[in-house]
Amino acid sequence: MLDTLKNRFEQGYRTNNYPKERIQLSERYRGVPKINKEAPSDLIIRCARACPQDAIDSAKKMVDMGRCVFCGTCERVSGGQFISFTSNFEASVARREDLLTDGTLPDLAAHSKQHFKKLFGRSLQLRQVSAGGCNACEADLNVLATPFFDLARFGINFVASPRHSDGLVVTGPISRNMRRALLHTYEAMPAPKVVIAVGSCAITGGPFRGSPEVSEGVDTILPVDLYIPGCPSHPMTNLHALLTFFK
Ligand code: SF4
Ligand code: SF4
């Protein structure tokens, strides 16, 4: 007992103070892209051709963050002249079309739905379904339960049963075998229900896009309320999205 208390005293309070205090992520982290529309068009085309996700629209000079896996190839190819990645993790949106971006994203708070805030602002129970994901998106959601993030202090929890949940959090490209399970989970949830797509797989199929074995995103199957991009999405991106959209 004394050892436990001593350890607690030595460790101190480790939970971050976001959103009251800003969190600075590593410079190596790739968050919201910064796009230089004045870059030479041949360089933009080279970036678009090099992108493994076909995420760069060279005509519009925009990046589709729903497809992007944040591999950094475009930044390397352009030497940062066309695209460079910022450490801004506040990357989530309420509308799929807003993920096609020139580097500026709409304010998520302005697009959050007031009735969701009213219903779930003090208590939000989420059921997570991994629909064929690689487990990285799932791991970065799990980490929200650790002392540093301590998601439960905001009244947000992950629960075991869809019957106890207000929202469905989907990761993975929804493989053919998981499609029915996902739909059953959604149907088992009481209304009104929220659907959150986490990661490029859940938003567009991610690296598996185009395979007949996966879907082209959750919103081809279910109505999605919140899109959290990334591959995987950073835990801070997840936290920002949940707090901004529901609190
Ligand atoms: S970082 Fe995104 S946009 Fe750039 S090459 Fe990789 S997938 Fe394409
Ligand atoms: S989006 Fe990336 S990290 Fe997430 S499940 Fe798909 S491949 Fe894995």
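These numbers come from a predicted model, not from an experiment. One is the number of the first residue; the rest follow in order along the sequence. Whatever order the structure lists them in is the order used to number ligands and atoms, beginning at 1.
When every heavy atom of Pro147 is checked against every heavy atom of Thr15, the shortest pair comes out as O-OG1, 2.7 Å.
In summary, Asp64 and Arg96 engage in a salt bridge, as defined by a charged side-chain N under 4.0 Å from a carboxylate O. A salt bridge does not link Lys6 with Asp3: every distance from a Lys NZ or Arg NE/NH1/NH2 to an Asp or Glu carboxylate oxygen is 4.0 Å or more. At a threshold of 4.0 Å, the pair Arg22-Glu90 counts as salt-bridged, since one of the basic side-chain nitrogens sits closer than that to a carboxylate oxygen.
Listed by atom number, the atoms of ligand 1 under 4.0 Å from Cys68 heavy atoms are 1 (S), 2 (Fe), 3 (S), 7 (S). Close contacts between ligand 1 and Cys51 involve ligand atoms 3 (S), 5 (S), 7 (S), 8 (Fe) [criterion: under 4.0 Å to a heavy atom]. Within the listing of ligand 2, atoms 1 (S), 3 (S), 4 (Fe), 5 (S) sit less than 4.0 angstrom from a heavy atom of Cys137. For ligand 2, the atoms closer than 4.0 angstrom to any heavy atom of Cys134 are 3 (S), 5 (S), 7 (S), 8 (Fe). Each of the atoms 1 (S) of ligand 2 lies under 4.0 Å from some heavy atom of Ser200. Near Phe85, meaning under 4.0 Å from any of its heavy atoms, are these atoms of ligand 1: 1 (S). Atom numbering of ligand 2 starts at 1 in the shown order; those under 4.0 Å from a heavy atom of Ala136 are 3 (S). Within ligand 1, the atoms closer than 4.0 Å to a non-hydrogen atom of Thr73 are 5 (S), numbered from 1 in the order shown.
Residue contact annotation: Cys71 places no N/O/S atom under 2.8 Å from atom 2 (Fe) of ligand 1. Residue contacts to atom 4 (Fe) of ligand 1: Cys74 brings an N, O or S atom closer than 2.8 Å.
When only non-hydrogen protein atoms are considered, atom 2 (Fe) of ligand 2 lies nearest to Cys231 SG, 2.3 Å. Scanning all protein heavy atoms for the shortest distance to atom 6 (Fe) of ligand 2 gives Cys201 SG, 2.3 Å. With hydrogens left out, the protein atom closest to atom 7 (S) of ligand 1 is Val69 N, 3.4 Å, a heavy atom.
In this structure, His240 and Phe89 have perpendicular ring planes: the angle between them is above 60°, well past the 30° mark. Relative ring orientation between His234 and Tyr29 is described as perpendicular, the plane-to-plane angle rising above 60° on a 0-90° scale split at 30° and 60°.
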Please determine whether side chain to side chain donor-acceptor pair (under 3.5 Å) holds for the pair Glu75 and Ser84, giving the CA-CA distance in whole Å, both sets of side-chain angles, and the decisive distance to 0.1 Å.
CA-CA 5 Å; Glu75 189 175 36; Ser84 56; 4.7 Å; no

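There is a side-chain donor-acceptor pair under 3.5 Å between Thr171 and Gln128. Looking at Gln125 and Ser123, their side chains do bring a donor and an acceptor atom within 3.5 Å of each other.
Using a 4.0 Å cut-off between heavy atoms, Ile83 makes no contact with ligand 1 at all.
Proximity annotation for atom 3 (S) of ligand 2: of Pro232, Gly205, Pro229, Pro232 comes nearest, heavy atoms only.
Phe246 pairs in a side chain to side chain contact (heavy atoms under 4.5 Å, CB included) with only one of the listed residues (Leu119, Ile156, Asp225, Ile196), which is Ile196.
Ligand 2 lies nowhere less than 4.0 angstrom from a heavy atom belonging to Gly206.
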